[in-house]
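Reminder, nothing fancy here: chain letters follow the sequence lines and each chain counts from 1. Remember, it's a predicted structure, so these values are computed and weren't measured experimentally.
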Number of protein chains: 2
Amino acid sequence: MSPTARPTLLDVARAAGVSRATASRALAGLPSVDAALARRVRDAAADLDYRTNTAARALRSGATGSVALVAPSSELEGQGGPFVGAPLRGATAVLFARSVQPVLLLDDARDRAPLLRHLTSGHVDAAVVVLQRESEPLFTELGDLPLPVVFVGRPRAAMDDALTSVDSDNYGGGRLAARALLEAGRRRVATIAGPSGYAPADERTRGFRDELAAWDVHPGPVVHGSFSMSSGASAAASVLRRDPAVDGLFAGSDLMALGALRVLAAGGRRVPEDVSVVGFDDTVVAETCDPPLTSVRQPLRELGARAAELVLDVLRDPGAAPQHVLLPTTLTTRESV
Amino acid sequence: MSPTARPTLLDVARAAGVSRATASRALAGLPSVDAALARRVRDAAADLDYRTNTAARALRSGATGSVALVAPSSELEGQGGPFVGAPLRGATAVLFARSVQPVLLLDDARDRAPLLRHLTSGHVDAAVVVLQRESEPLFTELGDLPLPVVFVGRPRAAMDDALTSVDSDNYGGGRLAARALLEAGRRRVATIAGPSGYAPADERTRGFRDELAAWDVHPGPVVHGSFSMSSGASAAASVLRRDPAVDGLFAGSDLMALGALRVLAAGGRRVPEDVSVVGFDDTVVAETCDPPLTSVRQPLRELGARAAELVLDVLRDPGAAPQHVLLPTTLTTRESV
DNA sequence: CGTCGGTGGGAAATCGATCTCTGGCAGGTG
DNA sequence: CACCTGCCAGAGATCGATTTCCCACCGACG
């Protein structure tokens, strides 16, 4: 026996003076083992620093004890970082706590074949898929996988109800944004919306309008952008053309808000004195821009954590009905309103 | 046999009319199998859509076929996103291509025990550890792990030579920054350095000074910040106090450069007309700030990829000598110089 | 006092791939 | 013609945990 040889269940069983079978049952916490014996086994295990061999367990039980975390590869490092990184963090923490291995798989939109092959090769028991705009097609391809899948994000309202997903309450976020502007006394407001047809963007706009309606305020012009800074800038320019007297602006993303801030400044408008601006996502740029941006925060980390919990639930009870969870958004107040 | 039962090696062997052993050898590509037979086996495998059972292989061979990717949990979602996300992406791509599972483990600085337990429990064969400032202590704790570890980043110059690491050429980056300022005709330059004692920051400053020396230019004032925007702002203020006629500024991070830009603008200096500014890291803020920032780019993705390759090398040949790889930085030119 | 329900625990099969050991066969040599 | 060397492929052991099957033993009841 080399000094680095790890103890096996047999070693534990011997040390405790029982059979392998009993040792296994004791460590699994099965009730059919005498309490005193179980105690002896657990002590022996702790004594030997025994760790159960994952491979052996996986082989025997047919489950691998790992869950895939699928994220769009291009987003992880760029601007989308937090949108992907934070859910990953949340999911990882949950899985880790239940000693399930989170296996990171990055989705390359140009070639999904390897990803699909991996997911169907029995390497993982289930998957948490972080959807971003570009990875939207994924939910179609992954929907009928022979393993449990939970999606973070719901890019299309029409997404199959049979799919389990967790998403931010974008609608509620839109309402929060509207309320912030309204409570600041703004009544001539405009919307720089995200791309239409993309459910989260549409939901934000819808929430915004509904809240305005509840206050009997006219929704003003709505211009669509692509979430980027430059699209926000041109949208803002278009808004100013349509209504030069605008005093409140809701942007569907922080980057678009940033573009708008530039245009407003160039046009001689002061923020927040002349125009109030609310962004969405509460990212770094909201903190670092000038003035710092009031923004709607998405519970990104919780999204991932909740998705991981759901996936573990499904693994425990495969019959569970698909769910569609919405987590609340909150408003982070800074100086732009 | 249920319809979902996956084919085993035995099924493949039967279909090819050989024994399990031969099938195994054929699929492993061992030369001791007749070419025609090997071909038959491979065809049968493809035909049945056979995938080798990871658990069984792991159990038998003693290796798990997975490598841990350790990243500081707090950085993944915040500003540090790209610094962590990009190496992760690079490493994942490499591992995936060699069908090694990248297991994502996040390091919680408050409690490292679970991480260490996981790494020593035989769940993974090796680890790639992304070091950031706060996870610096990790390299001490992980250095003598009984498995191969490759670090991305080298927070201390005095880091044990027995540890394998991959890092950006921060020194070269400093030289690039200096050259950019010098070639723009700047001669009264100042440095907003990162925290002293943190090797990457010190290296950047050293490279900067050496390049200046090569041009016979006096290095000017050096003020230390903490990489944050606000620290950059106060450092810039201090620089202006010390030398109001400064015409070139090298900041050890984009965020500090951003803080400096604000202070310069507030002080009535135009960038780049009056003062040229070079940042470091080439992050989103370098793109989005006003004016867009010339910045030194770190090859973050390559860092991770290279680390993954090194770790696979060590797994293949455990006797390999520890290495200390430096990857070149490049200059991204925008409008601030 | 004998038998029966019930409970705790041991022996052994099992999961699937790998690897050692060994035998068979062909070609070459004395 | 006998024997040896190589090469190729099959039989079976092995990795370690789980789980089924079954036996032994206990108290209780007829």
B:T22 vs D:dA9: side-chain N/O to OP1/OP2 distance below 4.0 Å: no
Under 3.5 Å: donor-acceptor pair, side chain of B:R40, backbone of B:A16: yes
Sugar-phosphate, base or nothing in reach of B:T8, heavy atoms under 4.0 Å: sugar-phosphate
Atom pair distance, as rounded to whole Å: CG in B:L30 and P in C:dA17: 15 Å
Atom-to-atom span, CZ of A:R14 to P of C:dG10 - whole angstrom: 14 Å
Atom pair distance, as rounded to whole Å: CG in A:L10 and C1' in C:dG9: 16 Å
Whole-Å distance separating the CG atom of A:L9 from the C1' atom of D:dC15: 14 Å
Under 3.5 Å donor-acceptor pair, A:R60 side-chain atoms to C:dG16 base atoms: no
From CA spacing to verdict: side-chain contact (heavy atoms from CB on, under 4.5 Å), A:L9, A:L27: CA-CA 10 Å; A:L9 189 56; A:L27 293 178; 3.8 Å; yes
Contact nearer the 5' end of DNA chain C, comparing B:A21 with B:L59: B:L59
A:R117 backbone acceptor or donor facing B:R51 side chain under 3.5 Å: yes
Distance in angstrom units between A:D11 CG and D:dC15 P, rounded: 12 Å
Any A:S24 side-chain N or O less than 4.0 Å from OP1/OP2 of D:dT18: yes
Sidechain-backbone polar pair: B:D125 side chain, B:G65 backbone, donor-acceptor under 3.5 Å: yes
Presence of donor-acceptor pair under 3.5 Å, side chain of B:R25 and base of D:dG10: yes
Whole-Å gap separating C1' (C:dG16) and CG (B:L48): 15 Å
Interatomic distance where CG belongs to A:L27 and P belongs to D:dT19 [whole Å]: 13 Å
Given DNA chain D, 5'-ward residue of the pair B:A23 and B:R20, judged by closest heavy atom: B:A23
B:D34, nearest nucleotide to its side chain (from C:dA17, D:dA9, D:dG16): D:dA9
Phosphate OP1/OP2 of D:dA17 contacted by A:Y50 side-chain N/O (<4.0 Å): yes
d(CZ, B:R39; P, D:dC8) in whole Å: 18 Å
Any donor-acceptor pair under 3.5 Å from B:S165 side chain to B:H324 backbone: no
